[in-house]
S.K.: 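Structure provided below as structure tokens; questions to follow.
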Protein chains: 2
Amino acid sequence: MQKQTFLTKNQQIVLNLVEKSSQPLKAYSILFNVQKKGIKAPLQVYRALDRLVEIGKIHKIESRNAFIACQDSSCQISKATAFSICESCEKVTEINNSKLSKYLKNFKDNSGMKYSKYNLEFFGVCKKCKNK
Amino acid sequence: MQKQTFLTKNQQIVLNLVEKSSQPLKAYSILFNVQKKGIKAPLQVYRALDRLVEIGKIHKIESRNAFIACQDSSCQISKATAFSICESCEKVTEINNSKLSKYLKNFKDNSGMKYSKYNLEFFGVCKKCKNK
DNA sequence: TAATGTTTTGTTATATTATAACAATGTGTA
DNA sequence: TACACATTGTTATAATATAACAAAACATTA
Ligand SMILES: [Zn+2]
Ligand SMILES: [Zn+2]
Ligand SMILES: [Zn+2]
Ligand SMILES: [Zn+2]
């Protein structure tokens, strides 16, 4: 049997929820919200999340331990992610900027190490919050 | 009483340990290693870590939940951090590259949000591991 | 279609990471 | 000294994540 190319039932349930949310969701909040769909245990959620992250459908916001749906179709291939995070309202937005991604993909430091992946998190105060 | 400008005893103990380590340390591994110095509880470690991160003496590697001593004196001011992480041996190195930091500090996306801080984590396989 | 090997799932238990709450102690200032 | 407040110690608990293993689902092919 080959590794799945489609989404399994649990993965689809989790993805649907994460995609409906405008903001990152925590694993246990996801669990709570999918219990009526038959997902009962943390591991079922974490397994679905792991796979969804692996195939680029969602991303983990590492500084928040939370998960957000991908808003940029190229992520499935590139493994290159960037986010802006408002430290006041916690709004998170995926940054889709080709210049930035080009710059970072080509970045080489002097260690001679080749990077296959990066994650960038910007922090600040969003427009909305600043005008309050 | 003003907020301290020096390091308190616990902070110094934790910092000493983290600085001695060439690699990121986890909070509970720090706790285990400073118990002979009189630090008994997780919260004592986390409080010290929080402050040390705040003043830029150490950084948290978010994707690893681990802490590493700052290897770049400008971090105390800039709140701009970048790391390379080997996914094979887990070696972490702070990237100190003025072009990169300049580029990222000046980066503006089209949301009109002003960033005061960023954290960037590059992943790959280090030279050593590649030659194995 | 039955046997086989593999992936995915369900389930229980447990490990790991981090914070809440509050009393006690220390320290600078008036 | 009296006050304000920062820091510490302590216990308990919350939040995040994984280990282990049996059961079920599914593709392959005999
Ligand atoms: Zn994406
Ligand atoms: Zn905001
Ligand atoms: Zn630094
Ligand atoms: Zn390596």
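Protein chains get the first letters and strands the later ones, always in sequence-line order, with residue 1 at the start of each.
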S.K.: Once you round it to whole Å, what is the distance between C1' of D/dA17 and CD of A/Glu62?
M.R.: 13 Å
S.K.: Nearest whole Å is fine: how far is D/dC26 P from A/Phe6 CZ?
M.R.: 8 Å
S.K.: Identify each donor-acceptor pair in which a side-chain atom of residues 29-49 of chain B lies under 3.5 Å from a protein atom, sequence neighbours left out, and give them as a table.
M.R.:
residue : atom : partner : partner atom : Å
B/Asn33 : ND2  : B/Ser29 : O            : 2.8
B/Gln44 : OE1  : B/Lys40 : N            : 2.9
B/Gln44 : OE1  : B/Ala41 : N            : 2.9

S.K.: Name all pairs fulfilling the ring pair (Phe, Tyr, Trp, His ring centres under 6.0 Å) condition that reach into residues 67-91 of chain A, sequence neighbours left out, sorted by first residue then second.
M.R.: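 Qualifying pairs: A/His59-A/Phe83.
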S.K.: Is any side-chain N of the basic residue among B/Lys117 and A/Glu121 closer than 4.0 Å to the acidic one's carboxylate O?
M.R.: no
S.K.: For nucleotides 10-16 of chain D, tabulate all protein N/O to nucleotide N/O atom pairs closer than 3.5 Å, reporting atom names and distance.
M.R.:
residue : atom : partner : partner atom : Å
D/dT16  : OP1  : A/Lys26 : NZ           : 2.7

S.K.: Rounding to a whole Å, what distance do you find between B/Lys9:NZ and C/dT27:P?
M.R.: 11 Å
S.K.: Whole angstroms only, please: what is the CD-C1' distance between A/Gln12 and C/dT9?
M.R.: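 Nearest whole value for this atom pair: 17 Å.
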S.K.: Can you find a side chain N or O atom of A/Thr8 that sits less than 4.0 Å from OP1 or OP2 on C/dT7?
M.R.: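 Answer is no, no contact under 4.0 Å.
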S.K.: Hey, what bend do you get for the helix from C/dT1-D/dA30 to C/dA30-D/dT1 if you fit axes on five pairs at each end, rounded to 10°?
M.R.: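 The two end axes of the helix from C/dT1-D/dA30 to C/dA30-D/dT1 meet at 30°.
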S.K.: Atom CD of B/Glu54 to atom C1' of D/dA6: distance rounded to whole Å?
M.R.: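 Nearest whole value for this atom pair: 13 Å.
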S.K.: Pair up each side-chain donor or acceptor in residues 13-26 of chain A with any protein partner under 3.5 Å, not counting sequence neighbours, and list the distances.
M.R.:
residue : atom : partner : partner atom : Å
A/Asn16 : OD1  : A/Gln12 : NE2          : 3.1
A/Asn16 : ND2  : A/Gln12 : O            : 3.3
A/Ser21 : OG   : A/Gln23 : N            : 3.0
A/Ser21 : OG   : A/Gln23 : O            : 2.4
A/Gln23 : OE1  : A/Val92 : N            : 2.8
A/Lys26 : NZ   : A/Arg64 : O            : 3.0

S.K.: Identify the heavy atoms of B/Gly124 and A/Ser116 that sit nearest to each other, and give their distance.
M.R.: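 That would be CA-OG, 3.9 Å.
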S.K.: Rounded to the Å, how far apart are B/Leu7 CG and D/dT8 P?
M.R.: 10 Å
S.K.: Which atom pair, heavy atoms only, marks the closest approach of A/Lys105 to A/Ala80?
M.R.: CE-CB, 4.2 Å
S.K.: Quick check on A/Lys130: does its NZ atom have over 12 non-hydrogen neighbours (other residues, nucleotides or ligands) under 6.0 Å away?
M.R.: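 Correct, the count exceeds 12.
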S.K.: Under 4.5 Å side-chain heavy-atom separation, chaining through any Ile, Leu, Val, Met, Phe, Trp or Tyr, what else clusters with A/Tyr103? Say none if it is isolated.
M.R.: A/Ile95, A/Leu100, A/Leu104, A/Phe107, A/Met113, A/Tyr115, A/Tyr118, A/Leu120, A/Phe122, B/Ile95, B/Leu100, B/Tyr103, B/Leu104, B/Phe107, B/Met113, B/Tyr115, B/Tyr118, B/Leu120, B/Phe122
S.K.: Nearest-Å distance, CD (B/Gln11) to P (D/dT7)?
M.R.: 8 Å
S.K.: Could you give the CZ-to-P distance, from B/Phe32 to C/dT17, as a whole number of Å?
M.R.: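 Computing the B/Phe32:CZ to C/dT17:P distance gives 15 Å.
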S.K.: Check whether any side-chain N or O of B/Glu94 sits under 3.5 Å from a backbone N or O of B/Gln71 as a donor-acceptor pair, and report yes or no.
M.R.: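 Yes, the answer is positive, given that a donor and an acceptor are paired below the 3.5 Å cut-off.
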